[in-house]
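One structure is given below, encoded as structure tokens.
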Number of protein chains: 2
Amino acid sequence: MKVSESEARERGEATSREAACPYRLVLEHVTSRWGVLVLMELLERSYRFGELRRAVARHGRTASEKMLTQTLQTLERDGLVHRDAKPVIPPRVDYSLTDLGREAAEQVRGLARWSKDRMDQVTRAREAYDEARG
Amino acid sequence: MKVSESEARERGEATSREAACPYRLVLEHVTSRWGVLVLMELLERSYRFGELRRAVARHGRTASEKMLTQTLQTLERDGLVHRDAKPVIPPRVDYSLTDLGREAAEQVRGLARWSKDRMDQVTRAREAYDEARG
DNA sequence: CAGTATCCGTGTTGATACTG
DNA sequence: CAGTATCAACACGGATACTG
């Protein structure tokens, strides 16, 4: 599998440009567009690939297969997601959280809850801001 | 100021495509590349524009003026950041967190701390993953 | 079903130059 | 100093076709 430099870099092979703060990479994986949704869904229960894709779609937009695959692989590599591929035909692959992943997901859930809880304050702030300007 | 459609959308004017889950937008602002760094720096103390730019640079890469401006405006509009422009020459603008922003920043700090604390577990997971494959 | 491979449009980012 | 304006690069994400 040939990947672009950025795709490789994204996976953790930091280049000289961003040598500092390796933990920021984990943070970005966890807070990425699809990472957030995947972690939160898996906090409920384990999912099969297509099933997870549909579940995520309900809480945001639907991820392309490519993006979901990429997200899951990144999270698996970081040790947050467990991938269980059953050797059956047709293929069946179950995804679940590791203990580490559960911790991460709970942090994310905290942030998501905060966002929901404060949503109207934010909305009011936006209205005030927009009214004050154009 | 002419902004692209996506830049406008990013600011909260959801289009039909992503009508669901407006809170996800706040979440994305808060967890955005520069949003995370800005919130964490402002948790320490208030900063002037250029000062903040240098402070952020220490914890990641340096944000371009454009990106820092955009990030600050978005967070200000969401009611997380307070902007205090003094009418002096040369201009002096101080940025600080609102109460709402402080809450958000604390959530983000939680996630960042978790990332730091678990960094070596993640690193080991990656090594195991990479060794198992190519 | 669960992916992989490839191509391609465009949005996000960042350098640079400029203004009040 | 604190921005705004403009433009180019490139990474991201999606559509599609294919495989085991």
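Residue numbering restarts at 1 for every chain, and letters A, B, ... go by the order of the sequence lines. Owing to the predicted nature of the structure, the values given are computational and were not obtained by experimental measurement.
Closest to the A:Arg61 side chain, of the nucleotides D:dT4, D:dG14, C:dA2, is D:dG14. When distances run from any side-chain atom of A:Met67 to the nucleotides C:dT4, C:dG20, D:dG13, the shortest one goes to D:dG13. Checking D:dG13, D:dA2, C:dC1 against every side-chain atom of A:Lys66, the shortest atom distance belongs to D:dG13.
Rounded to whole Å, the distance from CG on B:Leu68 to P on D:dT4 is 11 Å. Rounded to an integer number of Å, the gap from B:Arg48 CZ to D:dG3 P is 10 Å. Following rounding to the nearest Å, A:Leu52 (CG) and C:dC1 (P) show an atom-to-atom distance of 15 Å. In this structure, A:Glu65 places its CD atom 10 Å from C1' of C:dT4, rounding to the nearest Å. Protein atom NZ of A:Lys86 is 19 Å distant from nucleotide atom C1' of D:dG20, rounded to whole Å. Residue B:Arg92 contributes atom CZ, which lies 11 Å from atom C1' of D:dC1 at whole-angstrom precision. Here C:dG3 presents its C1' atom at 13 Å from CD of A:Gln70, a figure rounded to the nearest Å. The nearest whole Å value for the distance from the OH atom in B:Tyr47 to the P atom in D:dA2 is 14 Å.
Nearer to the 5' terminus of DNA chain D, by closest-nucleotide assignment, is the contact made by A:Ser64 (compared with the other of A:Pro91 and A:Ser64).
In terms of phosphate contacts, B:Tyr95 brings a side-chain nitrogen or oxygen within less than 4.0 Å of OP1 or OP2 of D:dG3. Listed pair B:Gln73 / D:dT4 meets the phosphate criterion, a side-chain N or O lying under 4.0 Å from OP1 or OP2. Between B:Trp34 and the phosphate of C:dG14, there is a side-chain N or O to OP1/OP2 separation shorter than 4.0 Å. For B:Arg83, a side-chain nitrogen or oxygen approaches OP1 or OP2 of D:dG3 to under 4.0 Å. One finds no side-chain N or O of A:Arg33 lying less than 4.0 angstrom from the OP1 or OP2 phosphate oxygen of D:dG13.
In this structure C:dG20 sits in a base pair with D:dC1, meeting the Watson-Crick or G-U test at under 3.5 Å.
For the pair B:Glu127 and A:Arg77, the salt-bridge criterion is not met [side-chain N within less than 4.0 Å of a carboxylate O].
Looking only at side-chain heavy atoms (C-beta outward), B:Glu103 and B:Asp99 stay at 4.5 Å or farther from each other. Contact annotation: the side chain of A:Val36 never approaches that of A:Val30 to less than 4.5 Å [non-hydrogen atoms, C-beta and beyond].
For the side-chain hydrogen bond (donor to acceptor under 3.5 Å, both in side chains) criterion with B:Asp78, the lone passing option out of A:Gln121, A:Arg126, A:Arg118 is A:Arg126. Residue A:Asp94 is tested with A:Arg48, A:Lys86, A:Arg83 for a side-chain hydrogen bond (donor to acceptor under 3.5 Å, both in side chains); the sole match is A:Lys86.
Within the nucleic acid shown, B:Arg53 has no heavy atom closer than 4.0 Å to any nucleic acid atom.
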